[in-house]
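Values below: all heavy atoms of this structure, side chains included; hydrogens, waters and symmetry mates excluded. Everything quoted here is computed from the prediction, not taken from an experiment. Whatever order the structure lists ligands and atoms in, that order sets their numbers, starting from 1.
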Amino acid sequence: MNIGFIGLGNMGRGMALNLVKANHKVKVYDINIDAVNDLNSNGCIGCSNIVDTVSNVEIVITMLPEGSHVRDVYLGSNGVIVNANKNTLLIDCSTIDIDTIKNVGEEASIKGMKLIDAPVSGGIVGADNGTLTFMVGGLEENFKMAVPILNSMGKNIIHAGELGSGLAVKICNNMILGTTMIALAESFTMAKKLGLDQKTFFDISSKATGMSWAMLNHLPVANIIETASANNNFKPGFAAEMMLKDLSLAQTAANSINLSTPIGSLALNMYKEFISKGNGSLDYSAIIKLIDN
Ligand code: NAD
């Protein structure tokens, strides 16, 4: 396939390289010229603008930081929708707000293009190793068309429903993760202050009803499980500022349907406070420092 890939940061770089490994012809673009040059010397075709990147490709993939970037890249006068061929399949993998993807989807369909949202879970390691989980929103036929491409970059490709549903899953899932991390941080701090050995508490709670994915994989306490960032001075992992972004998206989504999510809202405020103290680049599990002080 001929693919145009836009957004070559922490995630996009590895994803584009995995497409090359799967023998696709991949044109790449980023506003950061060094990122383009790097991929150009690793089997991609470097482009200096979006127009060249999307001309004569069947698929366009974007992996951008936020909704504003996605709007610029797709809807700008030199952007994807004005310049890509009719029938191009557009795959946005960015974690952004649901309204933005729906607006872009309307503009795309006016031009006869197909759009799916396909945000990911699995982090930079997953992007580099081709083991991402893709949660996909969009028409079934567009999802089916995307599966072989997404398979080159991930190992779980799941259709969630109509356009925006992939993002809805991602946002709800990460609200579980963020709120669970705070519950873990409070509980492990309380266990310690009640005089319990934290390893003993882990051994029991991880086999009782307190157990969670976050406890088994991202425990905010050092030297109990191997994969904890806490073992490594909270080097990310998944940065606190990214959790803040996802919890903000969750509150935007909740407000859009007039749903009160007090725990999600409190978690957002706690991450805001933590990051305002200069901790944004620490792993999100470092939120325990706000509690255990
Ligand atoms: P990043 O900031 O490392 O990369 C984004 C890239 O987009 C940068 O290279 C930037 O120069 C480029 N860019 C910005 N505006 C552009 C424009 N107008 N035109 C072309 N390129 C432009 O971000 P990332 O960590 O790769 O994350 C990308 C997305 O994936 C985000 O939405 C993030 O929330 C999501 N995500 C990240 C992770 C992770 O662990 N990093 C995990 C899951 C999901």
Point to revise | Between CD1 on residue Ile158 and CG on residue Leu150, distance to nearest 0.5 Å | key: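 The CG atom of Leu150 is 11.5 Å from CD1 of Ile158, to the nearest 0.5 Å.
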One residue to check: [X]. Relative to ligand 1, which of side chain, backbone, both or neither has a non-hydrogen atom less than 4.0 Å away?
X      : value
Ile6   : side chain
His69  : side chain
Lys170 : side chain
Val73  : side chain
Met242 : side chain

What residue and atom, counting heavy atoms only, is the protein's closest point to [atom], and at what distance?
atom                    : result
atom 36 (N) of ligand 1 : Thr95 OG1, 4.1 Å
atom 33 (C) of ligand 1 : Lys245 NZ, 3.7 Å
atom 39 (C) of ligand 1 : Met11 SD, 3.5 Å

Exercise for review: Under 4.0 Å from a heavy atom of Gly7: give me the atoms of ligand 1 that qualify, with their elements.
Suggested key: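 Result: 7 (O).
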Check your understanding: Got a protein heavy atom sitting under 4.0 Å from atom 25 (O) of ligand 1?
Key ->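 Yes, there is a protein heavy atom closer to it than 4.0 Å.
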Check your understanding: Do the side-chain N and O atoms of Tyr74 and Thr62 include a donor-acceptor pair separated by under 3.5 angstrom?
Key ->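 Tyr74 vs Thr62: donor-acceptor pair found between side chains.
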Point to revise | Under 3.5 Å side-chain donor-acceptor pair for Asp99 and Asn103 | key: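 Judged by distance alone, the side chains do not pair up.
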Review point. Should the pair Asp203-Lys199 be classified as a salt bridge under the 4.0 Å nitrogen-to-oxygen rule?
Key: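 Salt bridge present between Asp203 and Lys199.
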Practice item. Would you mind checking if Lys111 and Glu107 are paired as a salt bridge, meaning a charged N to carboxylate O distance below 4.0 Å? Key: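 The answer is no: the pair does not qualify as a salt bridge.
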Practice item. With sequence neighbours left out, write down each residue that passes ring pair (Phe, Tyr, Trp, His ring centres under 6.0 Å) with Phe202, or none if nothing qualifies. Key: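 Residues passing ring pair (Phe, Tyr, Trp, His ring centres under 6.0 Å) with Phe202: none at all.
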Exercise for review: Could you tell me which non-hydrogen atom of Cys93 sits nearest to which non-hydrogen atom of Met63, and how far apart they are?
Suggested key: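 Distance-wise, the nearest heavy atoms are O-SD, 3.3 Å.
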Give every donor-acceptor pair under 3.5 Å between a side-chain atom in residues 280-293 and any protein atom, sequence neighbours left out.
from, atom 1, to, atom 2, distance (Å)
Asp283, OD1, Ser229, OG, 3.4
Asp283, OD1, Phe238, N, 2.9
Asp283, OD2, Ser285, N, 3.0
Asp283, OD2, Ser285, OG, 2.6
Tyr284, OH, His218, ND1, 2.6
Asp292, OD1, Lys192, NZ, 3.3
Asp292, OD2, Lys192, NZ, 2.6
Asn293, ND2, Leu290, O, 3.0

Review point. Given Val120, Asp246, Asp30, Asn174, which one has a non-hydrogen atom that is nearest to atom 43 (C) of ligand 1?
Key: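 Minimum heavy-atom distance to atom 43 (C) of ligand 1 goes to Val120.
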